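See below for the structure under consideration.
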Amino acid sequence: MEKITAIKGIKDILPEDAPTWNYIESIVRQVFSAFGFREIRVPIMEKTELFKRSIGETTDIVEKEMYTFRDRDEELLTLRPEATASVIRAYIEHNMMSTDPITKLFTIGPMFRRERPQKGRFRQFHQIDVELFGDEKPQSDAEVIFMLVHFLKVVGIKELSLEINSLGCKICRPVFSQAIVNFLKGSEKDLCPDCQRRISTNPLRVFDCKIESCNSIIAGAPKILDYLCAECAEHFEQVKSYLNDLKVAYLLNPKMVRGLDYYTKTAFEIKSGSLGAQNSLAGGGRYDGLVSFLGGSEIPGIGFAVGFERLIACMPPTEINKFKTDIFIAALGPRAQKISFGLTNELRRAGISAAMDYTDKSLKSQMKRADKLNSSFTLIFGDKEIDEKLVELRDMKTKNQQALSLDNLPEAIINILKER
RNA sequence: GUGGGUGUAGCUCAGUUGGUUAGAGUGCCGGGUUGUGGCCCCGGAGGACGAGGGUUCAAGUCCCUUCACUCACCCCA
């Protein structure tokens, strides 16, 4: 029989890793709620149209990375490649703007993109996604960035660099875009094939190219910050000023462009050195026109996404993954085995993690198992103890053993465990 | 989609110019005298050497094909 394996780029989160995931999620909920963000859970599937409209028809994500299929009724559905579109859809669909003019949401979950997997890049990956609707003030930009940086520090990320830029708005960005195209006109043949393609698809991306020759050409190109309209320029100045007030260290990166079409004004990215080529740990920005573009009213928004797997990759190692058991019950012989089965489950019902071995193995091997399960205590008894109505309770750390009466045993054990 | 690297035990890897029944460490199971874990010692189970084809008296080792994994490009979290 041929073995069935997981799909390429889609991984299991194994029991030894799950506690780390839960730990991070608990920090997310704790930190974000202090900033007034509430959790929303959105579906992993949406109508394909939603992503085409929000992310942009000509982006790589939409053009070649989405998992799209036809439903039985012929409707085109897509496994979400990112969360913002779904959150905005839900925001509009449930009229959240009429309940609260400023809505702060976050969501955590899997995203799907059909790319070639490599370090820090998977076909199913997880994001922590934050969206703030209804506030166009630069304080919002600074607040969201501050929260992100704070969150990463709480989780234990040591080395991170924050880069910010302004991408302009629908008035000033096209002007800049055209300026870049004009600037590159004539030197197309000196650019790499990728950049030649970018001129027509997404000219700002040329800034991102890693090839030396392209870099030297683009070095003399116009800078976005010189093209910002008065409003965008002022907004960006304010954002920087508030970040300074909050003592958030940042790097101004005029070459940073985000890959999704919908970003306006502030764009930001967190990078970490320990991640390999996929060094972007989190990214986000403002998207003031997007809510209305998706059918809502003119409501500004700003948000970011953190790559969960990448976050784990640059986290310091922790002890939280160790599996622990309160008590292991080592029963010797059929009589003890029978009593143990009831006792184990009685303790579990009381919320104590209890374990036993259903095979009547040697005490030595049962002790080994108790050790493997990291049990704090081991209860030892066989025929002798049953006859004497006294069982042995061993503290695995101190090796002290005390005798406990067989009567009222669950209560006695519960009390001892509570006292610790 | 395009390159490079790697596929031998559950995991991490040895395996000499092709040459007997393919090894180690770790993990798992058991034992080291009566019913007591971690350390140490001993033993055991576990592999058609990724798959298919070819060269050869002989292939884990050489050649071809294919698949998988991985890193990078691209793209992005």
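Numbered from 1 within each chain, the chains take letters A, B, ... in sequence-line order. These figures come from a predicted structure and were not determined experimentally.
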Taking for Gly9(A) and for Phe308(A) the nucleotide of RNA chain B with the nearest heavy atom, the one nearer the 5' end belongs to Gly9(A)
Separation of A77(B) atom P from Arg80(A) atom CZ, nearest Å, is 14 Å
Arg310(A) CZ to C75(B) C1', in whole Å, measures 10 Å
At 4.0 Å (heavy atoms only), tell me whether [X] reaches a base, stays on the sugar-phosphate, or touches nothing.
{"X": "Glu82(A)", "answer": "nothing"}
{"X": "Leu281(A)", "answer": "sugar-phosphate"}
{"X": "Glu63(A)", "answer": "nothing"}
{"X": "Ser365(A)", "answer": "sugar-phosphate"}

If you go through the side-chain atoms of Arg394(A), does one of them form a donor-acceptor pair with the base of G37(B) closer than 3.5 Å? yes
Checklist entry - For Ser362(A) and G31(B), is the shortest distance between a side-chain N/O and OP1 or OP2 below 4.0 Å? => result yes
ask   = At under 4.0 Å, does any side-chain N or O of Lys397(A) touch on OP1 or OP2 of G37(B)?
value =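 So the side chain of Lys397(A) is outside the cut-off, no N or O lying under 4.0 Å from OP1 or OP2 of G37(B).
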| message | Could you check whether any side-chain heavy atom of Ser375(A) comes within less than 4.5 Å of a side-chain heavy atom of Asp326(A), counting everything from C-beta outward? | response | no
Regarding the side chain of Gln278(A), the nearest nucleotide among A72(B), A77(B), C74(B) is C74(B)
For the side chain of Ala277(A), counting heavy atoms from C-beta on, which of U36(B), C73(B), C75(B) is nearest?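 Nearest nucleotide to the side chain: C73(B).
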